[in-house]
Amino acid sequence: MDAFLPLIPFLPLIGFAINGLFGARLSKTAVGIIGSGVLLVSFLLSVACFNQVAASGAIQHTMYNFFTIDSMRVDFGFLVDQLSVWMMLIVTGVGFLIHVYSIGYMHDDEGFWKFFAYLNLFIFSMLLLVMGDNLLMLFFGWEGVGLCSYLLIGFWYTNKEYGKAARKAFIMNRIGDLGLLLGIFLIFKTFGSLNFTDIFSRLPEMRLDPAAVTLICLLLFVGAMGKSAQLPLYTWLPDAMAGPTPVSALIHAATMVTAGVYLVARCNPLYSLSPDALHVVAFVGMVTSIFAAIIGLRQNDIKKVLAYSTVSQLGLMFIGLGMGAYASAMFHVTTHAFFKALLFLAAGSIIHGMGGEQDIRNMGGLRKAMPVTFWVFLIGTFAISGFPLLSGFFSKDEILALTYAHGGVWWWGFAGFGALLTVIYMSRLLYVTFFGEFRGTEEQKHHLHESPAVMTVPLVILAILSVLGGLLNTPHFMHLGTPQWLASWFGPVIPAADMHLPESTEWSLMTFTTSLALVIIAGLYFVYTRRGNLPVADEAQTGLTRVVANKFYVDEIYDFLFVKPVEIGSRLLHYADTLFVDGIVTGVAKGVERLGAQFRKLQNGNIEYYLIGMVAGAVLLLLSLFV
Amino acid sequence: MTALLIIFATAIFVLFAGLTKNRSWLQPLALTGCGLALGVTLFELLGAGPGGWNHMYADMFEFTDYALAFSAVALVSALLIIGLSGYGFRSLHDTLGDNYGLILFSLCGALCMFSFTNLTMLFLGIEILSIPLYVLAGSRRNDLSGNEAALKYFLMGAFTTGILLFGMALVYGATASFDIHSIASAISDGRHSAGMLHTGIILILIGLGFKVSAVPFHFWAPDVYTGSPNLITAFMATVVKTAGFAAFYRLFSVGFAPAIDFWSIPVAGMAALTMTVANLTAIFQTDFKRMIAYSSISHAGYLLLAILACDVPGSEGALLFYSLTYSVATILAFGAYMTIAEPNDDGSFEAFNGMSKKQPLLAAVLAISMLSLAGIPPTAGFFGKYFLFTAAFAKYPWLIVLAVINSAVSIYYYFKIIIAMYFTREENDYAVVTSPGIRWVVVLGLLLIAFLTIVPGSVYALI
């Protein structure tokens, strides 16, 4: 197996190379088959890896020595253990389905081959991220996915707004990367190694300053906040919806954004040493979860609703991480990958059928025209809402129960509140889109059609996974299947979270949230199928709802707080260089203006000023003689 | 030394060959000379050379692995630049031989700066490097901006030469030696007058700071870079910068090493200023060449980190690796710029609009060099920054934070080009034709970047 291991990430890279270099000359069928085919092989190889890890534990494979500086040795190596092999399965498996779906969705796009090339490159980067055996490899993949995300968000580059969204995503992510990079530096300084196995094996015998561990954890978490779109770095994710819908499904829901969760779960031995850092993680997750959910209540773009829901669900995962329930967070990553990919792809199917329309106010009654899409969307909505026995039910409930166990009733209450908000906006989305009467134009009504099989088959597979995914990790008290299978699978990498609640408490917590969710789902049916309760135009909204509809004006606030000052600072320096320099020079130049155009041209170059500047600098440097 | 002799001989040969009617073989001749010199240097570097030059000429030179490795970097850059010269030199008919000759003479100066052991040799190297450049900057005789650039460069260069020479004199006065090893032992023995020595160091710092365009001695760079012919600018931004930094590092890490506590403060200040001022100013540029000028200043800021970390093992390798990746990426960028902007006489970012469709290879190469300059993984530029930053992190964490912030800022202006080429709808009707010369350079440069990306350790570990 070891010899085949590098194939898993490199096959998509080969796919990228083939499609990127020759894609323009190949037929669309060929491009689609190459793009998805390499992923299928990667997925099958990942399954083989899974079997081997199950049989004989983690695989460590070094391809070659990247570089050695002094005592620092960085290898191009892979660490495939229970955690990374799981991520590999999600990335290649869900990725494969999304590739297949894209064949249908992007069929009429002239950049078809480019799209598949980028998607393959993305999968390559993501696999490097999860398979790397050291932090530098992880950082590689981390930046790579950022780059691909940039390329794919701006895929329809003819729209200027989309280009801006792409840049925003990149810059926001880079702010996070700054934290990650500093964290990596600090880890190297502390442990003298970047290799995960080395770091974690040295951990027990080192007597570390708790403050240093906290600092490392917080810096890494800043990176995670950027990539996983947590407050305050989340604003790029909703904007990232500018990319084609399969991208939103693959990158901004199922895989890339979970990189932050993976990072924290991977570094769980470090985080477990720092309760303070865990508190911060949980708190940020909590605030993000509720904040994003509130914004989601008032969005009318189908993809924006799903985007805020992603931010909110990621918040829930971070609450789980903050409670030390790393395995539960990874469980939610898994189920979320299933149902969020499903919801996005279903949304794509709707957009496809509606000829590009994304505003749910212009939809309605799509149930009859798009039956398959309706049923899978319904399943997705119920799964994310925690409908009993669907996947989201188990994973969400587990996080909530552990939050109760470790954080007490208040934490549980807030986390549960965020989860219930999810139920509200998701049911709203479902009802407004699929029920009632059709509200679009005649032309759209005419265009309306169910998507082709190449799109619906992946949807159905994802729907089945969304239904059954929860069985991976059922709670002990329900005696269903193998209880806590996933948690015990992660056991060698992630120590099990301590669940010390009596069964009766667990039952009652679950019953309470679930029944509330059911009541909301049922109640909202009556609210949103009536015409009078349909969402109104943004301009017609007043007061608080308007603030919510405008996403709390966070973008505007950031613009005012950060973008403008940087611009002003840069402008000031620009002036210092042009106005101040030119100003002095213009003064000089004015005196010699009469000396003719040629002379002035030379004078305009401001040598005097330059020399004055240099002399000033020299004086400044000479001052250091007296320091 | 062999490389130096080969280049010198080639320069003279090219100079005279320029007198003949048929000038088409001047470029191949210059390329052959550089290629030969590069081959010999690599041969010597990998341990197979004859050696034996080290104690000749009154110990003026010392051809260590350090000198050889940097010579190789300069020769690679020169090779690529001369390969591009079909473009930049199109309009020079009568003076083609002089131009190639001057470039090669300037290269001789650079080679001296890598291997000096004596301050006199350093000074001579700097002057041999600079004087041909003053002429080359003005080599388009009818171009006013070129003339202005040449004059400006010369005036300010003369000004700093005075300062540099005075600094050397003071250091001699303090330590009674021009030999950098003797200077070092004089400083560590305490046999020196501190005030005179420190003043001297500061003045030398100013002289070298000017050569590498560190703020506040950078004022010449944007104007001169913009006004000079493109090819010469590429030479200044790469070979001259590499030479400046290699000499800077050698002098301060060998000769002035015992006084590191004194000079590290002003150098750290210069580094911080250089990165910040250059990056923030670059954001506002609308002209590609001017943007590259500021970018080149900002890279001087990063490279100063290597000087600061000169007592950390591995900092030499970091400097070498960074110089090479920076030079290759900059030359590739210039190659693309010359092909796109020069024939259409438009150097603004808009000139690059829609280039991904017209010239996919060129656009991809330019994009990769921008990514590399910005230090985005997994390009070679990322490793350059990574090596440099890790070397300096232990001593100057605050400076590294600033450097990382600055490299994040730099993405903004590097990406402008990528956006123009790939994501802009408005297109222009510029015709873009590539010559075989540029295609070869681009392919070679790409292979080099790919090599540096895949096995960064190999170059890093050379010295």
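Lettering of chains follows the sequences in order, A, B, ..., and the numbering in each one begins at 1. Source: prediction; values computed, not measured.
Contacts with chain A were tallied for W220(B), W263(B), F389(B), Y422(B); Y422(B) has the most, counting heavy-atom pairs under 4.5 Å. Note: I419(B) leads L203(B), I419(B), L371(B), I201(B) in heavy-atom pairs under 4.5 Å with chain A. For the set L136(A), L181(A), L186(A), I175(A), the entry with the most heavy-atom pairs within less than 4.5 Å of chain B is L136(A). Contact count against chain A (heavy-atom pairs under 4.5 Å) is highest for M156(B) among M270(B), M156(B), H198(B). Listed options I418(B), I454(B), L273(B) were ranked by heavy-atom pairs under 4.5 angstrom with chain A; first place goes to I454(B).
R174(A) has its side chain within reach of I376(B): a pair of non-hydrogen atoms, C-beta onward, lies under 4.5 Å apart. Side-chain atoms of V455(B) and F76(A), non-hydrogen and from C-beta on, never get closer than 4.5 Å to each other. Counting only heavy atoms from C-beta outward, the side chains of F217(B) and L621(A) approach each other to under 4.5 Å. Looking at heavy atoms from C-beta onward, T199(B) lies in side-chain contact with L622(A) at the 4.5 angstrom threshold. A heavy-atom distance below 4.5 Å is found between the side chains of Y412(B) and R167(A).
Taking the six-membered ring for Trp and the full ring otherwise, F415(B) and Y150(A) have centroids separated by under 6.0 Å. Between F139(A) and Y386(B), the ring center distance fails the sub-6.0 Å criterion.
A pairwise comparison of heavy atoms in G617(A) and P216(B) identifies CA-CG, 3.5 Å as the closest pair.
Atom-to-atom distance recorded for I206(B):CD1 and L620(A):CG is 10.0 Å, nearest 0.5 angstrom. Between T379(B) atom OG1 and L147(A) atom CG the span is 9.5 Å, to the nearest 0.5 Å. The CE atom of M614(A) lies 5.5 Å from the CZ atom of F210(B); values are rounded to the nearest 0.5 Å.
If you measure heavy-atom distances from L205(B) to chain A, the contacts under 4.5 Å come from the side chain alone. For a residue to count as touching a neighbouring chain, one of its non-hydrogen atoms must lie under 4.5 Å from one of that chain's; by this rule F170(A) touches chain B with the side chain only. Heavy-atom distances place no part of S356(B) under 4.5 Å from chain A, backbone and side chain included. Using a 4.5 Å cut-off between heavy atoms, S458(B) makes no contact with chain A at all. For chain A, no part of I163(B) is nearby; none of its heavy atoms comes within less than 4.5 Å.
A 6.0 Å sphere centred on CZ of F154(B) holds no more than 12 heavy atoms belonging to other residues, nucleotides or ligands. Counted within 6.0 Å of CZ on F10(A), heavy atoms from surrounding residues, nucleotides or ligands total more than 12; the atom is thus considered enclosed.
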List the steps and the verdict of side-chain contact (heavy atoms from CB on, under 4.5 Å) for F140(A) and F382(B).
CA-CA 10 Å; F140(A) 252 29; F382(B) 165 73; 3.6 Å; yes
